[in-house]
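Following: one structure in structure tokens, then a few remarks.
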Amino acid sequence: MAADNQNHHHPSHGDNNYTDLSQVLAPGSSNPATPRLPPISAPPSQFHSPSLSRSPLLVLSPDRVVTAPVSATRTPRGGARTPGRLRTPRFITPLGSPLRKALHMTRLDPNDAWLPITESRNGNAAYAAFHTLCSGIGIQALVLPVAFTALGWAWGIICLTLAFTWQLYTLYILVQLHESVDTGVRYSRYLQLATAALGERFTKLLATFPILYLSAGTSMASIVIGGSTLKLLFQTICGGACSSAHDPTTVEWYLIFTFAAVLLAQLPNLNSIAGVSLVGAVTAVGYCTNIWAVSVAEGRMPGVSYDPVRAGSDLERLLSVLNAVGIVAFAFRGHNLVLEIQATMPSSEKHPSTVPMWKGVKFAYALIAMCIFPLAIGGYWAYGQLIPQGGMLPALFAYHGQDTSRFILGLTSFFVVVNAVSSFQLYAMPTFDQMESMVVTRLKGPCPWWIRASLRVGFGFACFFVAVAMPFLGSMAGLIGGIALPVTLAYPCFMWLNVKKPTKYSKMWILNWVLGVFGLALSGALIAAGVYVVIDTGVKASFFKPI
């Protein structure tokens with residue numbers, strides 16, 4: 001009778017199908033039929049984290065499941081085991097019975113508890129809004145009026161509206177695909193979801209490069225933009241009074257900016273830079289609003305024309321239009337960070353991270369729309385075909401530098417610099433995560449602080465070197481937009497088809513197939529057009545000679 005009572009299974013409250021995890025994982029379980037696995041230990045800070053107020057989703061990365069047992073006596077960061085402590089950390093509580101049964105055969109690799117993106121899960125809707133707004137709007141939005149010079153009023157507004165709606169839909173798809181209630185898996189990184197949904201070979205061939213470019217390339221562009229604007233800020237504040245041969249050169253301004261960015265990059269994880277993202281978001285809204293408001297308030301330039309620029313042959317006109325569409329596509333970035341941002345949130349079956357994440361995204365993109373549309377429409381109205389290739393910031397200083405107060409010009413430049421520093425932190429975080437992942441896997445423990453600091457300093461100055469070597473990358477917005485477009489507009493549609501498997505020929509099936517195929521075709525056309533425009537118009541490839 002006692003033996004029967006020992007082997008009797010007591011189901012969890014509210015779910016008769018759940019397996020008691022204390023019996024599955026406890027080393028001293030008396031049930032011989034239950035595999036006895038050593039507990040998964042977590043950093044002590046994880047147990048006291050506010051993010052554990054609810055049992056989060058299992059942080060299971062599809063490429064990080066291991067079967068080899070881990071020493072039961074070792075805890076990350078050297079935390080000693082305390083008698084009476086829960087044997088099963090709450091941060092690995094699974095959602096449903098399929099995953100609980102899977103725990104009989106596999107073990108969860110705790111490396112995610114040591115990596116910058118998933119180290120802290122204290123995020124909320126406000127943090128999501130800060131990160132999304134900082135990553136979703138940037139200096140690339142200031143080039144939008146340049147696209148209107150080839151598209152004209154009607155097609156410019158149509159393309160901008162369609163691109164905004166399309167990328168908002170794919171953003172919704174990524175938020176929904178971040179976690180699965182059926183399996184309990186959370187895809188905390190874009191490449192993990194792409195590998196699981198599209199296959200490892202496809203991901204390596206077609207997704208890895210755009211993702212890496214959006215991370216490292218945006219960091220390099222931030223140095224170019226931030227360093228150049230620092231120089232502009234210095235000249236605006238000083239005027240002609242402090243101009244001398246001893247003024248810092250452009251390369252030295254790049255170096256000053258890099259020092260600031262690298263110093264701020266020592267913040268350990270994605271949640272720790274929420275305040276930085278808030279400052280970056282506020283300054284992005286600030287300089288966008290300042291620029292279009294001043295441009296509109298000063299009125300249209302004399303002799304302004306709104307007739308689209310017409311190239312010689314039909315092919316040249318088509319490629320010019322496609323390059324303009326690429327500029328519009330380049331204005332909407334940040335999808336490569338959506339899953340990473342959502343990974344910083346706690347999640348459970350009753351309180352999935354999808355709800356606060358989507359709430360933060362909606363708020364952020366409402367502000368993005370309020371910035372981007374007035375900037376594009378107001379900028380084109382004010383300057384028309386006179387808009388410089390660099391966009392609204394050069395136009396503001398070129399046409400209104402004399403009749404606008406130095407305070408407004410200096411404040412706008414200051415906002416651009418601060419936003420560039422903030423964007424560097426956010427876009428560099430996936431690269432930091434990847435580099436530290438290799439160290440954590442090798443050491444089977446947390447990345448020492450001095451290695452973490454060295455990696456981040458090395459990355460920052462590698463970006464500085466490339467920025468000095470190729471300062472002309474900013475003039476290739478159309479080409480870059482074509483390369484990055486599938487990450488934003490195409491791949492999420494195919495991920496939805498492979499993961500959700502909607503009914504064949506249903507509305508969702510047709511919609512995602514059309515958008516996915518059209519996105520890939522458009523990307524190829526934009527890359528071809530971007531290459532042609534770069535070759536035809538010429539890019540000042542001033543290697544190691546930043547202006």
Does any part of the side chain of [Y], heavy atoms only, come nearer than 4.5 Å to the side chain of [X], both counted from C-beta?
X: Leu497; Y: Pro502; answer: yes
X: Pro116; Y: Met435; answer: no
X: Phe332; Y: Leu489; answer: no
X: Phe461; Y: Leu255; answer: yes
X: Leu339; Y: Arg189; answer: no
X: Val338; Y: Met357; answer: yes
X: Ser219; Y: Thr431; answer: no
X: Asn336; Y: Tyr427; answer: yes

Side chain to side chain contact (heavy atoms under 4.5 Å, CB included) between Tyr287 and Leu142: does it pass, once the steps are laid out?
CA-CA 10 Å; Tyr287 73 69; Leu142 300 181; 4.1 Å; yes

Please answer whether the main-chain N or O of [Y] pairs with a side-chain N or O of [X] as donor and acceptor at a distance below 3.5 Å.
X: Thr344; Y: Ile341; value: yes
X: Thr289; Y: Gly286; value: no
X: Trp358; Y: Val175; value: no
X: Asn269; Y: Glu119; value: no
X: Ser353; Y: Pro346; value: no
X: Gln140; Y: Ala331; value: yes
X: Thr441; Y: Ser437; value: yes
X: Tyr254; Y: Phe464; value: no

[atom1]-[atom2] distance between [X] and [Y], expressed to the nearest 0.5 angstrom:
X: Cys463; Y: Ile223; atom1: SG; atom2: CD1; result: 5.0 Å
X: Leu455; Y: Trp450; atom1: CG; atom2: CH2; result: 9.0 Å
X: Cys447; Y: Arg442; atom1: SG; atom2: CZ; result: 13.0 Å
X: Leu522; Y: Leu515; atom1: CG; atom2: CG; result: 11.5 Å
X: Leu198; Y: Met495; atom1: CG; atom2: CE; result: 5.0 Å
X: Leu278; Y: Ser422; atom1: CG; atom2: OG; result: 9.0 Å

Heavy atoms of other groups near [X] [atom1], more than 12 under 6.0 Å:
X: Met370; atom1: CE; answer: no
X: Phe459; atom1: CZ; answer: yes
X: Tyr127; atom1: OH; answer: no
X: Phe373; atom1: CZ; answer: yes
X: Tyr169; atom1: OH; answer: yes

Carefully, step by step, assess Leu270 and Leu426 under the rule side chain to side chain contact (heavy atoms under 4.5 Å, CB included).
CA-CA 8 Å; Leu270 192 53; Leu426 194 54; 3.7 Å; yes

Residue pairs involving residues 482-501 (criterion ring pair (Phe, Tyr, Trp, His ring centres under 6.0 Å); sequence neighbours excluded)
Phe202-Tyr491, Phe494-Trp513

What heavy-atom pair brings [X] and [Y] nearest, and what distance separates the two atoms?
X: Ala281; Y: Phe130; value: CB-O, 4.1 Å
X: Thr118; Y: Ala343; value: CG2-CB, 4.2 Å
X: Ile368; Y: Thr132; value: CD1-O, 4.3 Å
X: Ile173; Y: Pro492; value: CG2-O, 3.4 Å
X: Ser423; Y: Ser222; value: CB-OG, 4.1 Å
X: Pro356; Y: Met345; value: CG-SD, 3.9 Å

Using salt bridge (charged side-chain N to carboxylate O under 4.0 Å, His left out) as the criterion, list what pairs up with Glu340, not counting sequence neighbours.
none

Side chain to side chain contact (heavy atoms under 4.5 Å, CB included), that's the test. Do Ile527 and Ser523 meet it? Break it down for me.
CA-CA 6 Å; Ile527 292 173; Ser523 174; 4.0 Å; yes

Just do the side chain to side chain contact (heavy atoms under 4.5 Å, CB included) check on His335 and Thr170 with the steps written out, would you?
CA-CA 8 Å; His335 283 51; Thr170 55; 3.3 Å; yes

Residue among Glu436, Gln425, Gln266 satisfying side chain to side chain donor-acceptor pair (under 3.5 Å) with Arg456:
Glu436

So salt bridge (Lys or Arg N to Asp or Glu O under 4.0 Å) across residues 493-503, not counting sequence neighbours, yields none

Test side chain to side chain contact (heavy atoms under 4.5 Å, CB included), reference Ile139, set Val224, Asn419, Thr218, Ile225, output is Ile225

Between Thr488 and Gln167, is any side-chain donor less than 3.5 angstrom from a side-chain acceptor?
no

